[in-house]
Amino acid sequence: MSSERRKPYPFDTIEPKWQAHWDTHQTFHVPNPGEPTFDPTRPKFFILDMFPYPSGAGLHVGHPEGYTATDIVARFKRQCGFNVLHPMGWDAFGLPAEQYAIKTGQHPAVTTAANVAHFKGQLQRIGFAYDWQREVNTTDPGYFRWTQWIFLQLYSAWFNADTQRAEPISTYTGPDPDSVRLAYVADARVNWCAELGTVLANEEVIDGKSEVGGFPVVRRPMRQWMLRITAFAERLIHGLDGLDWPDSIKALQRNWIGRSEGAEVTFTSDAGAPITVFTTRPDTLFGATYLVLAPEQFLVEKLTTPEQADAVRAYVEKASRKSDLERTDLAKDKTGVWTGAFATNPVNYERVPIWIADYVLAGYGTGAIMAVPAHDERDWAFAQKFALPIREVVSDTPRLGLGGGSPCSAEPLDCFPGEGFAINSGPLDGLPTSEAKAEITRRLGAVGAGKKCITYKLRDWLFSRQRYWGEPFPVVWEEGKHRAIPASELPLMPPELSDFEPTGTGEPPLARAVEWLTYSPTARRETNTMPQWAGSCWYYLRYCDPSNTERFVGKAAESYWMGGSIEPEQTPNRPACHAQADVLGMAKSSGGVGEGEAGAAQGNPNSMTSSPELMEFEAQSPAPPTSFSSTSAGALSQTPSKPGGVDLYVGGTEHAVLHLLYARFWHKALYDLGHLSTPEPFQRLVNQGLIMGEDGQKMSKSRGNVVNPDTVIEAYGADAFRCYEMFMGPLEQSKPWSMTGVEGVSRFLARVWRLVMEEQQDGSWSLSPAIADVEPDKALRKVVHATIKKVGEDIETLSFNTAISQMMICVNALIPASPRPKSAVLRLLQVLNPFAPHLTEELWEKLAGVPTTLADEPWPAWDPVALIEDEWELPVQVNGKLRDKITVSRTADASEVEKTALLSPKVQEHIGGKPVRKVIVVPGKLVNVVV
RNA sequence: GCCGGUGUGGUGAAAUGGCAGACACAACGGACUUAAAAUCCGUUGGCGUGAAAACGCCGUACGGGUUCGAGUCCCGUCACCGGCACCA
């Protein structure tokens with residue numbers, strides 16, 4: 001007995017046939033401006049997928065969900081007359097290939113090539129309309145040559161705080177260019193993962209473990225390459241406003257960047273050293289009863305008194321041994337130690353003790369805080385534990401006349417972190433919190449003891465990895481100084497190695513390649529490699545011009561595919577208070593990588609301040625364009641008519657603060673340096689939801705609930721696979737897989753097939769005799785045109801599930817028709833084509849009898865007249881409850897409709913003789929009688 | 001704790017403030033068949049009345065509100081999912 005299912009229609013022969021056809025005819029190739037077949041009259045549409053990492057496991061059903069959605073849009077837009085750029089490529093540097101290489105000794109390039117071939121085969125089986133001539137691979141020297149080139153752009157640029165723009169390093173007039181480069185070397189307490197043998201970016205560490213593999217991550221001081229993403233913090237937040245992205249992703253990015261407004265306040269220690277703290281509540285300054293420094297804060301050693309030195313040293317030592325996990329997770333119990341020192345509050349000249357505690361983070365703000373236990377939960381807990389004084393300075397109700405600055409003797413019973421009115425605060429008394437903040441900041445400014453300040457949680461991007469399978473840095477070291485190699489030497493190939501294993505010491509494996517290492521008798525190559533994100537930071541640009549050997553992307557190609565109508569990026573033009581420092585303010589110029597020890601923190605990391613006037617201006621409104629370059633009326637409008645960038649980008653949420661933030665950063669830097677025409681890369685972003693296993697659990701090998709697209713395609717065909725992925729539910733929602741659901745969609749496609757084809761005795765198929773060249777009747781015509789309308793609208797809004805529902809309705813209406821009007825069936829095939837391209841091409845060929853490619857046919861128009869009914873069936877409510885339905889002429893006016901409704905016996909029954917107070921008639925919708 | 005999202009039949013879901021449950025899945029009944037598969041037709045939110053046609057009541061997490069009318073808008077509560085979390 002054969003276990004093979006009978007195929008509901010011969011998808012197994014027609015799918016390869018049409019895939020070969022599209023390939024031979026290069027149906028989905030789109031030429032660039034300047035090429036002979038380029039049609040400049042068509043508008044462009046750039047539709048992008050997040051390109052996959054070609055793992056050995058192959059595609060899972062989650063990948064093609066987004067890919068199918070974009071494929072439908074791409075095919076649709078093409079049929080609507082757009083030049084559609086819809087490419088695919090491979091994000092192929094990365095750990096798994098390298099770990100596999102370590103296990104097997106096989107070179108990562110070999111396994112990567114095999115995996116790419118496997119992935120590509122799987123994608124092609126699904127029938128995606130990619131322009132394969134534009135395929136990119138991040139490990140291709142012709143590609144990573146330009147990744148290295150972009151690194152050199154960042155290396156050779158700095159961020160000018162006055163212009164708020166990246167500029168060539170040549171415009172920098174300060175003493176030490178190495179201290180301001182966008183790519184710089186710093187000693188920092190970095191995330192070191194021993195298991196992976198490499199350091200990781202903050203974004204790659206989750207709950208103290210590596211995102212990849214879940215291995216423990218510890219802080220360790222190392223000398224590393226950093227990218228100065230913090231310089232762009234303000235613009236990265238500001239730029240989100242104009243983007244058509246899900247609010248959740250915008251919120252995630254805003255949250256990650258973590259902008260907060262407050263003030264810097266400078267206390268003076270008894271020894272004379274100024275101690276600057278950052279606070280978001282300067283209005284509580286009168287309630288500051290002690291200061292706290294982070295254990296790593298640079299002033300700790302200087303401030304500590306000899307009597308307390310042992311205790312402080314022990315505490316700092318202990319804190320440094322704690323992992324991040326221990327410092328945060330177990331941290332509800334506060335610890336700390338007194339330095340023995342005091343500082344003076346600049347507003348009331350009160351002497352307050354200076355403490356050290358690891359609840360204060362060295363990397364944020366100034367690494368020092370003023371503690372206001374009455375109004376901060378953490379300070380409250382610390383003060384309780386160490387019996388420090390607590391003074392109430394904010395009340396939830398105005399208590400005027402209590403003031404005078406005299407400290408309240410009774411300690412409050414509770415911590416009140418909310419806003420209210422200042423009390424016990426001298427000149428601030430009675431002011432609401434927001435006004436008190438402004439007033440105290442103004443007063444501090446006047447005496448030079450403080451100023452308004454903005455800080456960010458975002459840290460600079462740790463950009464080097466101690467791995468083999470990544471882009472080598474185009475940098476050499478000579479006499480302890482780094483310098484770029486000339487762009488003409490790119491691509492810089494990685495050395496051939498037989499041992500890819502991490503050294504375990506933090507020294508990268510590239511250091512084993514002695515010959516490669518030697519650049520000149522006196523210069524050695526940088527041995528770190530770039531992180532996997534490097535290649536994906538700009539791949540969308542390379543798609544525009546993938547084989548260009550002169551430039552990372554040609555100017556004409558870039559401005560066509562990425563261009564909009566160009567407007568200056570609207571960012572507040574305001575200077576930073578002081579130059580951004582690296583993670584711990586320790587970025588000193590070069591030394592050998594890996595040789596350095598963590599120096600003492602200096603300066604004031606991640607802290608930017610602007611003058612009060614500019615801040616007020618910014619708070620009111622975004623800066624208007626400084627000049628109008630255009631004479632058109634559009635220049636008066638604040639929003640660009642066409643923002644440009646990628647028109648639609650679909651992918652998962654997992655890259656919210658990784659790829660999507662990194663790519664925006666590179667894009668802005670390249671934009672500033674004049675290489676790009678738009679300030680933002682991705683105009684519209686959509687996240688597809690997760691596909692769960694049939695058991696409703698997340699798909700995973702260990703649960704055994706993983707669905708492989710190949711087996712689905714084997715049994716039901718690619719078209720059924722595509723349609724099911726879209727029919728499951730809204731694109732953005734998580735939803736469980738269901739094999740019976742696939743079967744249902746497969747039945748639908750088989751019905752479409754049998755609309756046109758009839759099975760013979762011998763099992764072969766021939767054109768159904770029911771098909772005839774007749775006009776559809778009014779009802780059928782209405783369904784067909786409603787379907788054309790709805791499917792087109794639904795594709796625009798990515799509501800693919802309801803588009804398919806509508807086509808099912810259409811098919812259900814066509815099935816019983818005899819004869820079946822050919823024109824109606826052809827329209828159906830056209831609208832179904834983006835969803836089920838193989839089936840519809842085949843039937844189109846059979847039915848049209850001419851050798852055309854359906855994918856090339858224009859999208860059909862719908863006729864509004866066909867949708868108009870002569871009569872309407874209207875529901876009639878009495879007091880909002882449905883009681884009857886009446887049929888009225890489309891042309892009947894409201895009073896006629898009302899009269900008809902009131903004539904209904906059922907309606908009369910429910911009115912029950914009561915006087916009718918009001919009748920609401922919504923034309924074409926309903927009637928509501930109010931009694 | 002903070003931010004974002006979600007809550008509708010047995011299941012996936014649909015519904016510009018206007019007939020809740022379209023379209024499917026599953027289930028049940030029927031036709032075709034020697035039989036099965038496939039296909040086609042029908043029933044299917046809950047409770048109640050009725051032989052039946054039909055009719056009534058309830059129903060979109062829960063409690064309020066706005067409205068002629070609320071799944072949809074507003075206020076509050078609960079549950080679940082995702083992110084951040086000693087960020088001063």
Side-chain angles (χ1 to χ4, degrees), chain A residues 5-8 206-207 246-256 258-260 262 277-281 284 292 294 327-329 331-334 357-361 363-372 375-379 381-382 417 455-459 606 653-654 656-657 687 689-690 696 724 727-730 732-745 747-748 750-751 754 759 799 801-809 811-812 815-816 873-885 906 917-922 924-931:
Chain A
R5 293 176 63 258
R6 233 177 109 273
K7 306 241 183 306
I206 294 166
D207 293 336
D247 285 340
S248 59
I249 299 288
K250 288 191 186 184
L252 243 44
Q253 290 211 350
R254 286 200 185 97
N255 211 340
W256 188 261
R259 180 186 201 273
S260 73
V277 302
F278 172 74
T279 178
T280 54
R281 292 293 299 273
T284 62
V292 189
R327 274 174 79 154
T328 55
D329 237 35
K332 297 308 151 197
D333 201 22
K334 300 267 181 296
D358 65 4
Y359 83 91
V360 173
L361 305 177
Y364 182 75
T366 61
I369 63 157
M370 63 180 209
V372 186
H375 306 289
D376 181 284
E377 304 269 11
R378 299 149 301 184
D379 298 342
F382 192 80
T455 65
Y456 302 90
K457 284 196 247 179
L458 184 70
R459 304 297 143 83
N606 298 301
T653 50
E654 66 273 20
V657 292
N687 293 122
L690 223 55
Y724 175 66
F727 187 62
M728 291 172 80
E732 304 188 58
Q733 203 166 297
S734 286
K735 54 237 157 192
W737 187 269
S738 156
M739 272 309 174
T740 56
V742 184
E743 207 156 319
V745 170
R747 276 204 281 271
F748 158 66
R751 277 204 297 279
R754 292 196 309 270
E759 192 166 19
S799 308
N801 54 331
T802 51
I804 292 171
S805 294
Q806 180 63 38
M807 290 187 280
M808 286 173 168
I809 292 169
V811 170
N812 291 345
I815 289 264
E873 190 185 59
L874 294 187
V876 182
Q877 300 178 335
V878 178
N879 287 339
K881 286 199 164 160
L882 178 70
R883 295 305 180 187
D884 199 8
K885 289 179 185 181
K906 283 184 197 163
R917 286 197 296 154
K918 200 177 192 194
V919 179
I920 287 147
V921 178
V922 185
K925 284 289 181 195
L926 61 40
V927 182
N928 190 10
V929 181
V930 186
V931 292

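Each chain gets a letter, A, B and so on, in the order the sequences are listed, and its residues count up from 1. Heavy atoms only: backbone and side chains are in, while hydrogens, waters and symmetry mates are out.
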Rounded to whole angstrom, note down the C1' distance from B:A38 over to B:A31. 14 Å

Using Watson-Crick or G-U wobble geometry with both distances under 3.5 Å, which nucleotide pairs with B:G10? B:C25

I'd like to know if A:Lys334 reaches the base of B:C86 with its side chain, counting only an N/O donor and acceptor under 3.5 Å. yes

Nearest to the side chain of A:Pro875, heavy atoms from C-beta on, is which of B:C19, B:C68, B:C86? B:C19

Expressed as a whole number of Å, how far does the P atom of B:G9 sit from that of B:G46? 12 Å

Cation-pi, A:Phe382 ring and A:Lys334 (6.0 angstrom, 45 degrees): no

Glycosidic torsion of B:G9 (syn if within 90° of 0, anti otherwise) classifies it as syn

Between B:C25 (P) and A:Met739 (CE): distance, integer Å: 16 Å

What distance, rounded to whole Å, do you find between the two P atoms, one in B:U8 and one in B:G71? 15 Å

Distance between P atoms of B:G59 and B:A53 (Å, rounded): 26 Å

Watson-Crick or G-U wobble partner for B:C32, using a 3.5 Å limit on both distances? none

Kindly point out which of B:G18, B:A13, B:A26 is positioned nearest to the side chain of A:Arg747? B:A26

For the base of B:C19, is there a side-chain donor-acceptor partner from A:Lys885 under 3.5 Å away? yes

With respect to the phosphate group of B:C40, does any side-chain polar atom (N or O) of A:Arg754 fall under 4.0 Å of OP1 or OP2? yes

Separation of the P atoms in B:A27 and B:C32, to the nearest angstrom: 22 Å

Please give, in whole Å, the distance from B:G56 P to A:Leu882 CG? 10 Å

